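Here the structure is a predicted model, which is why all the values come from computation and not from measurement.
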Amino acid sequence: MIADASIITRIQTAAMLDSLQQGVDGPLGGDLQLDTDAMTRTWEQTIARPAQPGYRVLSALNGGRVVGFSATVPSQPVEGNEWLSQPGIEIIALEVEASAVGEGHRSRLLAACTDLAIEEGAHIVSTWIIAGDDARIRLFHEAGLRPGGLQRVLPVGPHRISQHLWWAQLGQ
């Protein structure tokens, strides 16, 4: 629901800052600013858009209250990699508020993402994980994803954050 956009932004902001902190040595820095108003507007537009194959925003509820969400987009093919050039989805967000971690919401969101992707004909699932984010690495590793051998480095404030692509074949 569009009304959930501000909740999704709050959950995403907290999770993003935590994940980014895992990827740097020392403090992340107080000068890093996130435009939560723009993030909320983007989520409102995304949620309001009619469903298209591969594009999904799913919510995790606890007693009718949103405690987490996931978002997927069609994955981009990786030239020269037989597996990663197949049709698939990329999980661009899978976040649960800290108070609800350990209640199975992340696993259920991940299962729903992959089930819907299989129904739409996807062959792979992928996600980028910040190096050092051990909790996220553990979640995706336990779900059967493995490193894909690709890395990207993104500037975040004064830092450079390294991410690794993780992936799995679906329906096997």
Considering only Ile, Leu, Val, Met, Phe, Trp and Tyr, and joining two whenever side-chain heavy atoms are under 4.5 Å apart, list the other residues clustered with Ile92. Tyr55, Val73

What's the verdict on side-chain contact (heavy atoms from CB on, under 4.5 Å) for Leu165 and Leu84, showing C-alpha distance, side-chain angles and the deciding distance? CA-CA 10 Å; Leu165 183 72; Leu84 295 176; 3.7 Å; yes

Pairs under 3.5 angstrom only: tabulate donor-acceptor contacts from the side chains of residues 143-153 to other protein residues two or more places apart or in another chain.
from	atom 1	to	atom 2	distance (Å)
Arg146	NH1	His141	O	3.0
Gln151	NE2	Ser162	OG	2.5
Arg152	NE	Gln163	OE1	2.6
Arg152	NH2	Gln163	OE1	2.9

Between Gly132 and Ile137, what is the shortest heavy-atom contact and its length? N-CD1, 4.3 Å

Residue pair Pro74 / Pro53: nearest heavy atoms and the distance that separates them: CG-O, 3.8 Å

Candidate pair Glu97 and Arg10, rule side-chain contact (heavy atoms from CB on, under 4.5 Å), full reasoning: CA-CA 9 Å; Glu97 65 182 24; Arg10 179 181 48 78; 3.2 Å; yes

Glu103 atom CD, over 12 foreign heavy atoms within 6.0 Å: yes

Applying the 4.5 Å side-chain criterion to the ILVMFWY set and letting contacts propagate, would Trp166 and Ile118 be lumped into a single cluster? yes

Is it the case that the side chain of Ser19 and the backbone of Ala15 share a donor-acceptor pair, with hydrogens and angles ignored and the cut-off at 3.5 Å? no

Value rounded to 0.5 Å, distance of CE in Met39 from OG1 in Thr46: 11.0 Å

With hydrophobic residues grouped by side-chain heavy-atom distances under 4.5 Å, do Leu17 and Ile161 end up in a single group? yes

Considering all heavy atoms of both residues, which atom of Ser75 and which atom of Ser126 are nearest to each other, and what is their separation? CB-OG, 4.0 Å

Whether the side chain of Glu120 engages the backbone of Gly54 through a donor-acceptor N/O pair (distance < 3.5 Å, no angle test) should be reported. yes

Strictly below 4.0 Å, N to O, side chains only: are Arg136 and Glu95 in salt-bridge contact? yes

Can you tell me how far apart CG (Leu109) and CZ (Arg56) are? Round to the nearest 0.5 Å. 13.5 Å

Rounded to the nearest 0.5 Å, how far apart are CD of Gln86 and CD1 of Ile124? 6.5 Å

In one Ile/Leu/Val/Met/Phe/Trp/Tyr side-chain cluster, 4.5 Å: Leu110, Val67: no

For the residue pair Thr40 / Thr9, report whether a side-chain donor-acceptor contact shorter than 3.5 Å exists. yes

If every non-hydrogen atom of Cys113 is compared with every non-hydrogen atom of Ile89, which pair is closest and at what distance? O-CD1, 3.8 Å

About how many Å separate OG of Ser70 and NE2 of His105, when rounded to the nearest 0.5 Å? 13.0 Å

Which value, rounded to the nearest 0.5 Å, describes the distance between Leu170 atom CG and Glu119 atom CD? 12.0 Å

Linking Ile, Leu, Val, Met, Phe, Trp and Tyr by side-chain heavy atoms under 4.5 Å, what else ends up with Ile2? Ile7, Ile8, Ile11, Trp43, Ile47, Val57, Leu61, Val66, Phe69

Could you tell me the separation between the OG1 atom of Thr127 and the NE2 atom of His164, rounded to the nearest 0.5 Å? 13.0 Å

Checking Arg106 side chain against Gly68 main chain: does a donor-acceptor pair fall under 3.5 Å? no

Heavy atoms, side chains only, cut-off 4.5 Å: are Leu139 and Leu94 in contact? yes

Taking every non-hydrogen atom, the tightest pair across Ala112 and Leu58: CB-CD1, 3.7 Å

